Amino acid sequence: MTTYNFDQPTERRHTNSYKWDSPQDGVLPMWVADMDFKTAPAVIEALRKRVEHGIFGYTKVPDEFYQAIISWFSRRHEWTIEKDWILYTSGVVPAVSAIIKGLTQPGDAVLIQTPVYNCFFSSIRNNGCTVAENKLIYQDNTYTIDFEDFERQCAREDVKLFLLCSPHNPAGRIWSQAELQKMGNICIRHNVMILSDEIHCELAMPGSHFIPMASVSEEIQHNCVTCVSPSKAFNIAGLQISVIVAENAEWKAKIDKALNINEVCDVNPFGVLALIAAYNEGEQWLDALCSYIYDNYKALCAFFHEHMPYIPITKLEGTYLVWADCSSLGTSDAITELLEREGKVLVNSGTMYGADDKDGFIRINIACQRERMMEGLRRIHTVFKRE
Ligand SMILES: Cc1ncc(COP(=O)(O)O)c(C=O)c1O
């Protein structure tokens with residue numbers, strides 16, 4: 001069995017990294033959702049071969065691309081996809097935006113579960129729709145769904161689409177079969193289409209089992225469009241590749257048209273080959289990565305428990321994004337600013353995701369070498385130390 005050394009230090013400054021080259025020198029970035037690890041060796045090898053060819057003209061997406069997706073989701077997630085259901089584009093945000101454009105009319109409302117990934121808000125508004133909110137319930141360091149409110153929102157005349165984040169960024173939840181089924185059935189009952197953003201689906205922590213929304217039942221699959229990508233789990237977001245799965249042929253045609261109108265129907269040669277290599281050869285590396293990230297999470301919890309027990313840490317079932325409750329110390333924006341200025345560590349403020357400023361949440365990206373993460377935690381501690 002191959003072993004992978006995720007402790008190996010990496011240098012990302014001066015590589016035009018958004019995460020590393022935006023903050024001032026000396027500030028440790030634990031914000032933007034990409035990882036400080038090199039991608040899987042198989043992906044690097046596929047890209048190296050392609051670079052050596054030296055010609056980078058327009059790309060035709062080959063049959064292997066579809067086969068890699070179909071095989072991966074069948075093997076890893078027990079979900080049977082047909083080639084005819086698949087579309088591709090240059091990212092999950094462009095995908096979400098085109099799906100909203102294709103399936104809704106300006107003035108419709110799109111339901112989201114807040115706090116949630118910030119681009120959901122902008123994609124909805126950029127397409128002339130309004131945001132309908134089903135606030136998640138925060139209790140005992142985890143989030144659950146307020147189903148009564150969810151059904152009330154779905155029953156609204158203007159709510160036409162439910163944009164699900166699964167696994168949930170930043171709440172760290174992997175939704176259970178029962179939760180997915182309940183949400184899916186409520187949507188069907190009220191004629192609300194489901195758009196499931198499953199970009200984080202490969203990042204399930206040990207003990208948590210990810211289930212694709214569309215795999216829950218045939219009825220739900222017919223009422224659901226799914227977005228996936230290997231970009232988060234294999235750290236290839238810069239290669240801009242994503243996949244849309246729509247079993248409903250009428251909806252698929254509308255989405256295809258919207259992708260064309262938005263002119264995001266072309267992809268680049270690196271994204272295509274990276275996806276094929278990741279899905280065909282990256283399984284072992286991915287399992288090792290998830291277990292490393294989970295060990296990071298456990299080390300983080302132990303550190304907070306020992307040194308800053310007044311900051312509860314939300315349970316992490318999926319993603320590498322830790323949601324910390326700093327409400328005993330102040331408001332989210334002020335804390336984030338203080339951490340950057342005095343602690344030289346950059347995190348995301350909870351307000352970015354629609355959380356209330358007074359709730360004091362910050363989001364910490366732990367997809368980095370353990371030593372680097374511990375340095376970040378020590379910096380947070382210097383700012384929040386209580387003697
Ligand atoms: C839920 C979710 N969707 C989409 C994205 C970004 O997708 P892309 O970079 O493929 O546009 C992110 C990035 O963090 C995310 O968390």
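Remember, it's 1-based here, ligands and their atoms both numbered in the order they're listed. Every value quoted in this text rests on a predicted model; they were computed, and no experiment measured them.
- Residue-level contacts of ligand 1 at the 4.0 Å heavy-atom threshold are Ala33, Gly91, Val92, Val93, Pro94, Tyr117, Cys165, Asn169, Asp197, Ile199, His200, Lys232.
- A donor-acceptor contact closer than 3.5 angstrom is absent between the side chains of Glu198 and Thr226.
- Taking the six-membered ring for Trp, Phe37 and Tyr4 have ring centres at least 6.0 Å apart.
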Let me see the working for Arg378 and Glu375 under salt bridge (Lys or Arg N to Asp or Glu O under 4.0 Å), right down to the final yes or no.
CA-CA 5 Å; Arg378 285 190 290 271; Glu375 170 60 22; 3.5 Å; yes
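- Not a single donor-acceptor pair under 3.5 Å links the side chain of Trp72 to the backbone N or O of His77.
- Checked against the 6.0 Å centroid criterion, the rings of Phe270 and Phe56 qualify as a close aromatic pair.
- Side-chain rings of Tyr66 and Trp85 stay apart, their centers remaining 6.0 Å or farther from each other.
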